[in-house]
Amino acid sequence: MRSLRHLDLWGASFGGLIPHQLRNLSSLRHLLLRGNSGLYVDNFSWISHLSSLVSLYMTWIDLHRDVHWLDSVSLLASLSELILSNCQLNNMISSLGYVNFTSLRVLYLPSNNFNHNMPSWLFNLSSLWSLDLGDNSLQGQIPSTISNLQNLSVTLGYLNLSVNMFTGQIPESSGQLKHLTLVSLFSNSLYGPIPSRLGNLSSLSYLYLHSNKLNGTVPRNLGLLSNLVRLYIGNNSIEGTVSEVHFAKLSKLKYLDMSLTSVVFNVSHNWIPPFQLENLGMSSCKMGPKFPLWLQTQRSLQNLELREAGIVDTAPKWFWKWASHIQIINLAYNQISGDLSQVVLNSTIFSVDSNCFTGQLPHLSPNVVALGMANNSLSGQISSFLCQKMNGRSKLEILDIPYNALSGELPHCLLHWQSLTHLNLGSNNLSGKIPELIGSLFSLKALHLHNNSFSGGIPLSLRNCTFLGLIDFGGNKLTGNIPSWIGERTHLMVLRLTSNDFFGDIPPQICRLSSLMVLDLANNRLSGFIPKCLKNISAMATSPSPIDDKFNALTDHIIYTRYTEDILLVIKGRESIYGSILPLVRMVDLSSNNLSGGIPSEISSLFGLQSLNLSRNNLMGRIPEKIGVIRYLESLDLSNNHLLGEIPQSIINLTLLNHLDLSYNNFSGRIPSSTQLQSFDALDFIGNPELCGAPLLKNCTENEDPNPSDENGDGFERSWFCIGMATGFIVSFWGVCGALLCKRAWRHAYFKFLDNINDRVYLATVLKLSWLRYHFRRDRISLRCPRSCKQERMEERGSGES
């Protein structure tokens, strides 16, 4: 084995510690252990003994235990290829201060955990052909000394620093690397203009600069890159005009993406490009107002993205035949018009949402997988579309045609569309009952029939659609009870039945929907109590985050295109469409029903709830004391009920609360004091006569307890004090009276004692009255005789004595 020169164990599914005895293979030149994700290294020093090693491939092997891995590897003077991707490495810093990679030509270290600046030793690798440090967390600026790597070759050479945390500008010196074929700097935080010197990279075939913060204009020098195949500069702050000059010599260009920039595409109407594109992405650019006629020269195009491109024009007649060869077409959010009645679509994905198309729905070939025509002016019977004849079995998975003027009832032909997973027929003029045969669409994940005129009940056959994750029947004329079998749909995330005529109790089986994030039953005739078991809905009992479910109905992928469900919800008193953030929404809306009883205290267990609307019901009792633990709550509406008592002090803990309505109840006491609560409008508390304190104008009295929590504190003690007094009185009273009734001698002695007390009181009273009467008479005689009268009497007494 000592003479072994080549060891390749790729994909052998080995696990455990790589034996140090490998160092004994002193003649080994190629060591390839890639694809054995169960292997790990504790000490990499043994690698330095393989002095003849030329190639080292250790992809997916755990090397993070040895922080000095670089020192060991750099001793391999003959090493030419070092590929250590996905090895959980944490640093590229040498403790020796230098490396000895004199022969290194290929250095691949992507998808590790580097989070420091690019080490200086990288720019001393004079023999380096190819450098890949992508998908790490490297920081700082890309140094200008990168131009030292001028030996990057034509055949294998590329520079990949994408998906890191680099800042600053792209160094102008990068334009000196004339032999580069690939430059990938996407998904960083680079800013400033695109260096014009990049136009000097005559061998460059792939340029990826998208998803940064680059600004300025597109350099004209890029039009000199005659070998350029892919140009991605989208999702930046680039602006200015792009004309024919920018594409003068790009005859090999296949992929062009300037999406999500402010670039104005200004070419002559008869321009014939020098290239044949396969992929064109110009979404959010200014391509209009006229429909770009030069597109018809592109015979190899497979993906056309012109979403929100400012086109205000009628689709030309040649477009539909030309488009039949394109796999993906996205023309959404323009103002393109035309009659689609006679159009036949063949694209795998076709989206013209929010345009001005008219006529009936187009005909489809079996190749169409996703069709989006929402928010146009399409009309006619839905049956004409669903019952069309097709040469082959339909592959349609997504049919998204809401906000049009389609009419009629759902026909039996719906059975022909067995591959449907997302069906959105909302906001049209459809009527009749929802047919039982809809339950034959076993693959359905999302079903929107909202804002139509459907009547009857929810068909029982829907229980066969076991993958259903979204049901939106809001805004119809449906009636009856909410079926209990809905609790069997364990993957259901959104249930919206608002604005119908459902009645009866809320079925407790709803509590089995552990994945439920949106429960909207508002504006019906539901009665009974709010189920206490709502606490069992685990998706609302944890912090809002996307649910990891392979049956997730809110998003889907076709080819590499992402489809996202959206739904109309009323949150914070505003009606809004929730799309990409829908997986993060947690809400319960039971408003405008006939619900009675109290708000169950168990609702406080829904810690992740963001919006709770129980307004316009007949609810009584108090707000649950622990409502403050629902820390993610942003909107709370309990208005127009019969709730009473004081507002719990814990409500001040709802720091995210920005919509509150407690009006028209019977709340009393002082509104809890907090900067947040006092910032709400007085109208949010109006209609509670006994409520006081800011923001209401009614002040609380001095003796009114300012702390609502006293209801459970001092108020609780006062209640027990009164109970104790009453109990003591009863015991004392019957203790005395019972004894007198049972003991005759005690009774006689007691009443004799009372007689003696009575006699003494009577005698004292008579004596006191006699004394008062005597003194009263004497004082009255004194008041009647003046001073002269008294003198005459004294003189008469004197003369008589004499």
Side-chain angles (χ1 to χ4, degrees), residues 217-218 233-247 256-273 277 279-298 301 303-347 349-362 370-380 400-406 427-428 561 566 577 579:
T217 60
V218 180
I233 58 175
N235 196 15
N236 280 290
S237 299
I238 299 171
E239 55 188 8
T241 301
V242 173
S243 63
E244 295 96 325
V245 177
H246 291 82
F247 306 100
L256 173 62
D257 191 346
M258 297 184 179
S259 299
L260 301 177
T261 66
S262 299
V263 168
V264 177
F265 205 89
N266 185 19
V267 295
S268 61
H269 71 282
N270 58 354
W271 179 53
I272 299 178
L277 294 177
N279 188 311
L280 174 62
M282 299 295 289
S283 295
S284 299
C285 295
K286 180 70 172 178
M287 292 286 290
K290 293 294 184 180
F291 201 93
L293 299 180
W294 62 269
L295 287 178
Q296 61 184 317
T297 66
Q298 304 300 298
L301 201 61
N303 187 359
L304 175 64
E305 296 276 349
L306 296 182
R307 176 188 174 99
E308 202 173 351
I311 301 174
V312 185
D313 199 2
T314 301
K317 293 181 179 180
W318 57 263
F319 174 76
W320 302 111
K321 184 177 180 180
W322 171 83
S324 62
H325 303 290
I326 301 177
Q327 188 177 27
I328 300 174
I329 295 179
N330 188 350
L331 302 177
Y333 294 93
N334 286 285
Q335 296 183 49
I336 306 172
S337 58
D339 191 328
L340 300 182
S341 301
Q342 304 301 318
V343 171
V344 178
L345 299 179
N346 189 51
S347 300
I349 300 175
F350 188 87
S351 175
V352 289
D353 295 339
S354 298
N355 276 282
C356 305
F357 288 107
T358 58
Q360 297 183 357
L361 288 168
L371 177 63
M373 293 187 166
N375 195 22
N376 279 277
S377 298
L378 301 171
S379 58
D400 190 12
I401 50 176
Y403 301 101
N404 282 288
L406 303 172
S427 297
N428 279 285
T561 300
D566 58 48
I577 293 178

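None of the values given here were measured: they were computed from a predicted structure. Nothing fancy with the numbering, it's 1 onward along the sequence.
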So, for C356 and N376, which heavy atoms are closest and what is the spacing to 0.1 Å? N-OD1, 3.3 Å
Checking side-chain contact (heavy atoms from CB on, under 4.5 Å) for the pair W271/T297: CA distance, chi angles, key distance, verdict? CA-CA 9 Å; W271 179 53; T297 66; over 6 Å; no
At what distance, to the nearest 0.5 angstrom, does CD of E305 lie from CG of L256? 12.5 Å
Closest non-hydrogen contact found for W294 with P273 is CE3-CG, 3.6 Å
State whether the number of non-hydrogen atoms from other residues, nucleotides or ligands found under 6.0 Å of Q335 atom CD is greater than 12. no
In short, F357 meets S337 closest at the heavy-atom pair CE2-O, 3.7 Å
What's the separation between atom OG in S351 and atom CZ in R307, rounded to the nearest 0.5 Å? 7.0 Å
Residue set satisfying side chain to side chain contact (heavy atoms under 4.5 Å, CB included) with V344, at least two apart, ordered chain then number -> H363
How close do I238 and I233 get, heavy atom to heavy atom, and via which atoms? CD1-O, 3.7 Å
Does a donor on one side chain sit under 3.5 Å from an acceptor on the other, for S284 and S259? no
Taking only residues two or more places apart in sequence or in another chain, which ones pass ring pair (Phe, Tyr, Trp, His ring centres under 6.0 Å) with F319? F291, W322
I need the minimum non-hydrogen distance between M373 and L371, along with the two atoms involved. CE-CD1, 3.7 Å
Any chance you could measure D353, atom CG, to Y403, atom OH, to the nearest 0.5 Å? 11.5 Å
Evaluate the side-chain contact (heavy atoms from CB on, under 4.5 Å) criterion for residues I326 and F350: first the C-alpha distance (whole Å), next the side-chain angles of each, then the deciding distance (0.1 Å), finally the verdict. CA-CA 9 Å; I326 301 177; F350 188 87; over 6 Å; no
Can you list the steps and then say if L361 with N404 is a side-chain contact (heavy atoms from CB on, under 4.5 Å)? CA-CA 10 Å; L361 288 168; N404 282 288; 5.9 Å; no
Under a 4.5 Å cut-off applied to non-hydrogen side-chain atoms, are L295 and M287 in contact? no
Donor-acceptor pair, distance only, cut-off 3.5 Å: does the side chain of S341 make one with the backbone of Q360? yes
Write down the atom of N355, the atom of Y333, and the distance for their closest heavy-atom approach. ND2-N, 3.9 Å
Do side-chain atoms of Q298 reach the backbone of L277 as a donor and acceptor pair under 3.5 angstrom? yes
From CG (D339) to OG1 (T358), nearest 0.5 Å: 4.5 Å
Working note: F247 + V267, criterion side-chain contact (heavy atoms from CB on, under 4.5 Å); need CA distance, chi angles, decisive distance, verdict. CA-CA 11 Å; F247 306 100; V267 295; 5.5 Å; no
